[in-house]
Trainee: 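Next up is a structure, given as structure tokens.
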Amino acid sequence: MAGTAKAAVWIMIATMLSKVLGFFREVVLASFYGTGAYADVFLLTLNIPGLIIAIVGSAIATIYVPIYFETKEKEGTEGALKFTNNMINIIAILAIVVAILGLLFTEEFVKIFAVGFTGEKFRIAVSFTKIMIIGVIFLALSKILGTYLNVNDSFTVPSLIGIPYNIFIISAIAISTKTNVIIMAIGALIGMASQMLFQLPFAIKKGYKYQPYLNIKEDNIKSMIILMLPMIIGVAIGQINTAVDKALATTLGDGPLSALNYANKLNDFVMALFVTSIVTVIYPKLARMINADKKEDFVNTIVKSSNCILLLVLPITVGAIVLAEPIVRILFQRGAFDAESTNMTYNALRLYSLGLAAMGVRDVITRVFYSLSDTKTPMINASIALVMNIIMNLILIKPLGYKGLAISTSIASIVTVMLLFRSLKKRTGYFGGDKIVKTGLKSLVSSVIMGVCTVFVYKGMYGILGAGMINELLSLVCSVVVSVVVYFILIMMLKVDEMSLVLDMLYKAKAKFLKR
């Protein structure tokens, strides 16, 4: 597990750099456009290419991992490279077809994703989408190149692609305020292309060499298609959840969609920094363990990975709930992002955070099923969660507005984890679920006590220092420092085994970050 922790540390550092820049992008957008119509349009249309790739590209890239190892074992490095090029060429053709369809049916695309957009808002969304839909080609190829780097034990580079991407978008947002809003869409397209171009030289260094090879009748392609179809449905269901939330948010007028997005970005930072860092490393390892029939190591990896995520994410969840208002105000409240925008965003953040730990464990268990070449079980469980989410959305949106959408998402995530746990026990027998629950309860109790202490410290410091951005920042920092110390003491008192692994990861991350 030491090698896993080391790789996860590098991903955490790379992700931190990318996500900090991503946060700055959101701050820039909020400052210039607040939670108004232009922000709504840009945020929604920016997600359309990503949504398409998340559905198809993510499924292909995920299934690629176990089949890559199988092909390499049977046919060697050359066979694995041939398979990779076959996949790249097939995906490129599919992406081009999707881009053409997007250009031909742009208005229909926008109507699906933004049912509440009308008039000028709808027209601008169509113009943005026509430019950004080309990005599906670059995003698709970037996805495969990143996965190729991962299976060849290169995890840091794919985690850094957000840096050039965000730089181009930030520049475009700033330029658009002096010229034309359409510049934002152009900058986003260039940013998508930069993700692919950034990874290409590193993939070549790892042995990648392009070959114009295309054969959809190969056995490994057939196997991939069989596994991929239920996974595409499963991933699509997850993205439909997001799309439904956003589509319903567009019916609530200007503001709620942007507020939900900003709140989601804060949670995404936590997910990417801690959850994705661990999941990215363990997935190829799980696939190798299954091929080598190492059941004990397989179970041990599931337990340690899930527990590490719970130990890191649960205290952050409680911290986000009790400190949501000052966090949002410090990060975003300036320029066009006023007090009302802060109010909407911090309420959304609190409610989204309720499902944060569940999302993290869900990602681990889902990868476990994928490593077992079982893509149907996550699809079935996700379908149940989707139906539940949509029903709750429709019930809660009228009395609670955008808050109802956030609550529904969190509840659906918690239910999904419970369903996956039950399914995994049926599929593999004992997988260490009792150890995960035990650690989760210890972490939850410690986090709640920590949260109470955090509130007292923050209010005390705020009362002493008074109002003002600097004073509020100092109060926030002091309360966070105290909360970390309290949580650490409580976890050590409860003798949680994985805490030493978490501390080792954080210590290495700190040392390497300072060294850089």
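In what follows, every heavy atom counts, from backbone to side chain, and hydrogens, waters and symmetry copies are set aside.
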Trainee: Return yes if a side-chain donor-acceptor contact under 3.5 Å exists between Y38 and S176, otherwise no.
Mentor: no

Trainee: Indicate yes or no: at least one non-hydrogen side-chain atom of R25 is less than 4.5 angstrom from one of L29.
Mentor: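 They are not in side-chain contact.
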
Trainee: Any chance you could lay out the salt bridge (charged side-chain N to carboxylate O under 4.0 Å, His left out) test for K111 and E108, step after step, and finish with the verdict?
Mentor: CA-CA 5 Å; K111 286 177 182 177; E108 287 74 13; 5.5 Å; no

Trainee: Is the closest side-chain heavy-atom distance between L354 and L351 below 4.5 Å?
Mentor: yes

Trainee: Decide yes or no for L331 and I327: does some side-chain heavy atom of the first lie under 4.5 Å from some side-chain heavy atom of the second?
Mentor: yes

Trainee: Compare every heavy atom of L189 with every heavy atom of I131, then report the nearest pair and how far apart it is.
Mentor: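 Closest pair (atom of I131, atom of L189, distance): O-CD2, 3.6 Å.
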
Trainee: Are the side chains of I321 and V318 in touch, meaning some heavy atoms are under 4.5 Å apart?
Mentor: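 No, too far: nothing below the 4.5 Å cut-off.
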
Trainee: May I ask you to decide if V303's main-chain N or O and S306's side chain share a donor-acceptor pair within less than 3.5 Å?
Mentor: no

Trainee: Could you list all the side chain to side chain donor-acceptor pair (under 3.5 Å) pairs where at least one residue sits in residues 350-366, not counting sequence neighbours?
Mentor: N267-S353

Trainee: Would Y68 and T147 satisfy side chain to side chain donor-acceptor pair (under 3.5 Å), going step by step from the backbone distance to the final call?
Mentor: CA-CA 10 Å; Y68 176 89; T147 309; over 6 Å; no

Trainee: Around atom NZ of K376, are there more than 12 heavy atoms from other residues, nucleotides or ligands closer than 6.0 Å?
Mentor: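 Open: at most 12 neighbouring heavy atoms sit under 6.0 Å from NZ of K376.
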
Trainee: Compare every heavy atom of L494 with every heavy atom of S446, then report the nearest pair and how far apart it is.
Mentor: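 Heavy atoms only, the tightest pair is OG-CD1, 3.3 Å.
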
Trainee: If you count the non-hydrogen atoms of other residues, nucleotides and ligands that lie under 6.0 Å from NZ in K121, is the total more than 12?
Mentor: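 Yes.
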
Trainee: Test side chain to side chain donor-acceptor pair (under 3.5 Å) on E472 and Y458 and set out the steps.
Mentor: CA-CA 9 Å; E472 188 167 30; Y458 176 75; 3.1 Å; yes

Trainee: Within the 4.5 Å heavy-atom criterion, are T45 and I133 side-chain neighbours or not?
Mentor: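 SC-SC contact between T45 and I133 ruled out.
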
Trainee: For the side chain of S142 and the backbone of L139, is there at least one donor-acceptor N/O pair under 3.5 Å apart?
Mentor: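 Looks like no, no N/O pair under 3.5 Å.
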
